[in-house]
Amino acid sequence: LLKSEEDASYKPVKKACTQLVDNLVEHIIKYEESLSDSDNKGVNSGRLVACITTLYLFSKIRPQLMVKHAMTMQPYLTTKCSTQNDFMVICNVAKILELVVPLMEHPSETFLATIEEDLMKLIIKYGMTVVQYCVSCLGAIVNKVTQNYKFVWACFNRYYGALSKLKSQHQEDPNSTILTANKPALLRSLFTVGALCRHFDFDQEDFKGNSKVNIKDKVLELLMYFTKHSDEEVQTKAIIGLGFAFIQHPSLMFEQEVKTLYNSILSDKNCSVNLKIQVLKNLQTYLQEEDTRMQQADREWKKVAKQEDLKEMGDISSGMSSSIMQLYLKQVLEAFFHTQSNVRHFALNVIALTLNQGLIHPVQCVPYLIAMGTDPEPSMRNKADQQLVEIDKKYAGFIHMKAVAGMKMSYQVQQAINTCPKDPVRGFRHDESSSALCSHLYSLIRGNRQHRRAFLISLLNLFDDTAKTEVNMLLYIADNLACFPYQTQEEPLFIMHHIDITLSVSGSNLLQSFKESMVKDKKKERKSSSDEEAESDSNSGSESESEEEASKPRRLRKRVDFDSDSDEENDINAVMKCLPENSAPLIEFANVSQGILLLLMLKQHLKNLCGFSDSKIQKYSPSESAKVYDKAINRKTGVHFHPKQTLDFLQSDMANSKITEEVKRSIVKQYLDFNLLMEHLDPDEEEEDGEVSASTNARNKAITSLLGGGSPKNNAAETEDDESDGEDRGGGTSGVRRR
């Protein structure tokens with residue numbers, strides 16, 4: 001508001017602000033008078049804090065408004081501190097004076113000397129917050145107004161000397177009792193030396209005179225010594241001190257020992273959370289300070305821009321901060337995978353600042369931001385999503401390029417956050433929306449058909465048996481695919497079409513490798529095996545015979561009687577006899593088949609969710625024009641994706657557990673169901689009408705069995721489709737071979 005009327009002759013906002021500020025100051029004076037008359041001193045100081053905080057906010061925008069009131073504010077620096085409110089008063093008054101005193105014309109010597117004395121007393125006496133604001137205020141007054149360097153130098157030497165002494169004591173005897181007694185002094189010295197170094201450059205002649213000692217290196221050495229201390233509190237204070245010193249001298253962050261310290265704290269899994277957070281806070285404060293400097297430099301530049309040629313301001317420092325962030329970027333990004341949300345919170349802040357200042361190429365952050373978009377805390381999700389939106393605006397295609405990597409990383413983040421390792425990681429939000437964790441990523445990509453299809457195919461390829469993706473990650477991706485915010489019919493139809501292709505290839509490979517494993521160990525077993533096997537004369541012969549026995553009778557019988565459990569038992573027993581002694585292939589089959597099961601479930605889920613008939617799925621062709629399938633989806637409510645078999649597989653930790661007879665039987669049954677499904681993957685066209693339905697029914701039965709009994713909802717979906725072509729019905733896969 002104030003900016004908008006800078007060039008106008010009539011300035012109502014400025015007038016209003018002046019009146020507000022003057023009245024607030026008057027209110028404070030009246031309030032003080034009323035207190036001195038009454039007995040209840042310091043009771044209603046909530047109102048005083050409110051007035052002073054408001055005055056600080058005005059000073060922050062237009063410090064000139066407060067210049068005439070600086071003298072009134074100064075006495076508040078001597079407030080006796082007992083409550084939280086008293087500290088608020090002191091900190092806000094220090095912040096106001098820091099902005100206002102440098103603008104005063106010819107302030108009196110005594111006024112300035114009094115402020116310096118008051119600030120110094122506060123620095124020596126009170127805690128971190130007060131020290132921070134008072135040193136900052138002192139920095140503004142000494143550097144810009146009084147040049148009273150000796151005063152500050154004496155204070156610095158007092159704390160620096162104490163640290164040196166404590167260091168030599170510690171070197172002599174780390175377990176000395178003197179050190180324990182002096183711990184508060186050590187903590188205060190570490191913090192104050194750092195805070196003073198942040199606001200004063202002690203290597204100037206004004207401070208150290210003609211001494212040849214390099215102060216910043218000495219301070220670095222002292223603080224680094226205490227970062228290796230056994231007490232975590234001491235380490236933390238030393239790191240805070242370092243962070244302050246780096247704001248005055250960013251080049252220190254290139255020192256090898258500093259790089260090693262920061263990177264080891266960030267990347268070490270066992271390192272304390274407090275230290276990690278402190279290192280991230282240090283980087284955050286440094287970047288915020290740089291940002292403020294740049295904006296200040298920009299404002300200064302605009303004033304003289306007309307006389308100058310080149311923008312030399314700020315470029316050197318932005319080059320420096322860019323190099324610094326390149327050094328620590330990888331470790332900061334890796335902090336996204338921390339179990340503690342506040343570590344992730346500060347890491348995200350650092351990355352957001354880095355991106356906003358354009359210090360690094362954004363493409364390397366994209367997968368990490370996608371991963372952070374799945375964080376359980378809404379504020380972090382929104383911040384990460386916002387960064388992605390910004391990147392997407394500036395650089396089209398970056399998000400799509402890193403989308404799959406981002407999905408995989410989001411799984412790692414979810415693994416880190418998962419408090420109960422026994423529970424599989426899921427890919428949707430456990431709230432009433434049940435939205436996919438990566439739904440924002442999908443909504444960024446879905447607008448571009450080519451990008452969307454490439455992304456979906458890449459995700460489906462992870463289910464391929466050759467991709468060797470771990471089962472829980474497949475479950476996570478299937479969850480996301482089941483819950484993505486699809487808008488047109490084309491999107492789920494495209495996925496179902498590709499599921500069919502993947503199934504026909506992966507399914508055949510899977511059955512083939514299982515059959516091969518059954519051959520390998522036959523010699524021992526043939527002697528004692530059943531009669532029909534004895535007739536065969538070669539390994540492969542025996543295998544294929546028993547294979548025939550295991551699947552053929554069942555298929556013929558299916559046409560007569562669907563629920564012949566005893567026949568199913570016979571099939572299972574026939575295959576059980578052919579199993580090799582080594583159960584590894586069985587486990588491998590159970591493991592690899594999870595990907596196929598998930599795809600079957602996913603197809604079934606999308607079919608139920610969108611209410612598609614089999615003929616609609618069958619007739620879909622990805623090469624058709626987009627308009628045909630541009631209709632919006634009618635989502636059914638209450639359809640949830642619950643792949644029971646995969647959840648059981650993960651919860652029972654089958655991949656690592658001892659294999660029992662019962663587990664063997666269930667895997668064999670699964671194999672037979674798969675075998676049946678692959679045989680009936682699409683109906684034989686020569687068959688007569690009556691027989692087609694038997695084939696279709698066999699396929700439905702196999703799918704229902706594979707998916708763990710099939711929910712009534714799934715069966716309802718089958719019956720709904722009865723009107724569609726007879727040969728196209730069935731719960732699962734459409735005719736891949738015919739295509």
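- Note that Lys95 lies in the cation-pi zone of Tyr133, set by a 6.0 Å cut-off to the ring centre and a 45° limit from the axis.
- Remark: aromatic rings of Tyr442 and Phe484 are close, center separation under 6.0 Å.
- Side-chain polar atoms of Gln364 and Lys402 form no donor-acceptor pair below 3.5 angstrom.
- Taking the side chain as every heavy atom from C-beta outward, Lys607 and Leu493 never approach each other to under 4.5 Å.
- The side-chain heavy atoms of Ile391 and Leu369, taken from C-beta on, include a pair separated by under 4.5 Å.
- Side chain of Asn92 to main chain of Met88: a donor-acceptor pair is present (N/O by atom type, distance under 3.5 Å, no hydrogens or angles).
- One N or O on the side chain of Arg452 and one on the backbone of Arg446 form a donor-acceptor pair closer than 3.5 Å.
- Between the side chains of Ser410 and Tyr476, at least one donor-acceptor pair of N or O atoms lies under 3.5 Å.
- In this structure, Gln357 contributes its side chain and Leu287 its backbone to a donor-acceptor pair below 3.5 Å.
- Each of Lys281, Gln288, Lys383 was compared with Asn349 under the side chain to side chain donor-acceptor pair (under 3.5 Å) criterion, and only Lys383 meets it.
- Thr129 and Cys91 get closest at one heavy-atom pair: CG2-SG, 4.2 Å.
- Looking at heavy atoms from C-beta onward, Leu600 lies out of side-chain contact with Gln604 at the 4.5 angstrom threshold.
- Listed here is the closest heavy atom pair of Arg635 and Tyr486: NH2-N, 3.0 Å.
- One finds the CG atom of Asp464 at 8.5 Å from the OG1 atom of Thr469 (value rounded to the nearest 0.5 Å).
- No more than 12 heavy atoms of other residues, nucleotides or ligands sit less than 6.0 Å from atom CG of Asn634.
- With rounding to the nearest 0.5 Å, the separation of CG in Leu388 from CG in Leu441 is 7.5 Å.
- For the residue pair Gln278 / Asn274, no side-chain donor-acceptor distance below 3.5 Å is found, with atom types taken as modelled.
- Side-chain contact, Glu232 with Ser272: a donor N or O sits under 3.5 Å from an acceptor N or O.
- The shortest non-hydrogen separation linking Pro376 to Ile417 is CD-CD1, 3.5 Å.
- In the model, Asn461 has no side-chain atom that pairs as donor or acceptor with a side-chain atom of Ser458 under 3.5 Å.
- Residues Tyr126 and Val131 come closest through the heavy atom pair O-CG2, 3.3 Å.
- In the model, Glu491 has no side-chain atom that pairs as donor or acceptor with a side-chain atom of Gln487 under 3.5 Å.
- The distance from the SG atom of Cys438 to the CD1 atom of Ile370 is 7.5 Å, given to the nearest 0.5 Å.
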Could you check Asp648 against Lys644 for salt bridge (Lys or Arg N to Asp or Glu O under 4.0 Å), going step by step and ending with a plain yes or no? CA-CA 6 Å; Asp648 292 346; Lys644 185 173 177 305; 3.0 Å; yes
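- Annotation: side chain of Phe337 is not in contact with side chain of Gln415 (no heavy-atom distance under 4.5 Å).
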Could you walk me through whether Gln387 and Ile351 satisfy the side chain to side chain contact (heavy atoms under 4.5 Å, CB included) test, starting with their C-alpha distance in whole Å, then the side-chain angles of each, then the deciding distance to 0.1 Å, before giving a yes or no? CA-CA 9 Å; Gln387 294 295 328; Ile351 294 302; over 6 Å; no
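- Among residue pairs with one or both ends in residues 359-377, those qualifying as salt bridge (Lys or Arg N to Asp or Glu O under 4.0 Å) are Arg344-Asp375; sequence neighbours excluded.
- The environment of Lys259 atom NZ is dense: over 12 non-hydrogen atoms of other residues, nucleotides or ligands sit within 6.0 angstrom.
- Taking the six-membered ring where the residue is Trp, the centroids of Phe612 and Tyr620 are separated by 6.0 Å or more.
- Within the 4.5 Å cutoff, the side chain of Pro492 has heavy atoms near those of the Ile633 side chain.
- Contact between Asn263 and Leu327 at its shortest, heavy atoms only, is ND2-O, 4.0 Å.
- A ring-centre distance under 6.0 Å is not found for His640 and Phe428.
- Side-chain contact annotation: Gln594 with Thr646, donor-acceptor N/O pair under 3.5 Å present.
- Test Lys616, Lys631, Arg453 against Glu490 for salt bridge (charged side-chain N to carboxylate O under 4.0 Å, His left out) and you get one pass: Arg453.
- A donor-acceptor pair is defined here as one N or O able to donate and one able to accept, closer than 3.5 Å; such a pair exists between the side chain of Ser264 and the backbone of Thr260.
- Of the possible polar contacts, none joining the Asn608 side chain to the Val639 backbone as a donor-acceptor pair under 3.5 Å is found.
- Checking side-chain atoms of Gln235 against main-chain N and O of Thr227 turns up a donor-acceptor pair under 3.5 Å.
- No donor-acceptor pair under 3.5 Å is formed between the side chain of Asn342 and the backbone N or O of His345.
- Side-chain contact check for Phe336 versus Leu348: some heavy-atom pair is nearer than 4.5 Å.
- Note that CG of Leu266 is 10.0 Å distant from NE2 of His338, once rounded to the nearest 0.5 Å.
- The neighbour count for Lys394 NZ, taken as heavy atoms of other residues, nucleotides or ligands under 6.0 Å away, does not exceed 12.
- The shortest non-hydrogen separation linking Val425 to Leu475 is O-CD2, 4.0 Å.
- Checked for salt-bridge contact, Lys276 and Asp268 miss the test: no charged N lies under 4.0 Å from a carboxylate O.
- Using a 4.5 Å heavy-atom threshold, the side chains of Gln414 and Arg426 count as separate.
- Two residues are said to be in side-chain contact when any heavy atoms from C-beta on lie closer than 4.5 Å; Phe455 and Gln450 fail this criterion.
- Between His498 and Phe494, the ring center distance clears the sub-6.0 Å criterion.
- Distance check, rounded to the nearest 0.5 Å: CG of Asn382 to CE of Met372 gives 11.5 Å.
- Between the side chain of Arg429 and the backbone N or O of Thr374, no donor-acceptor pair lies under 3.5 Å.
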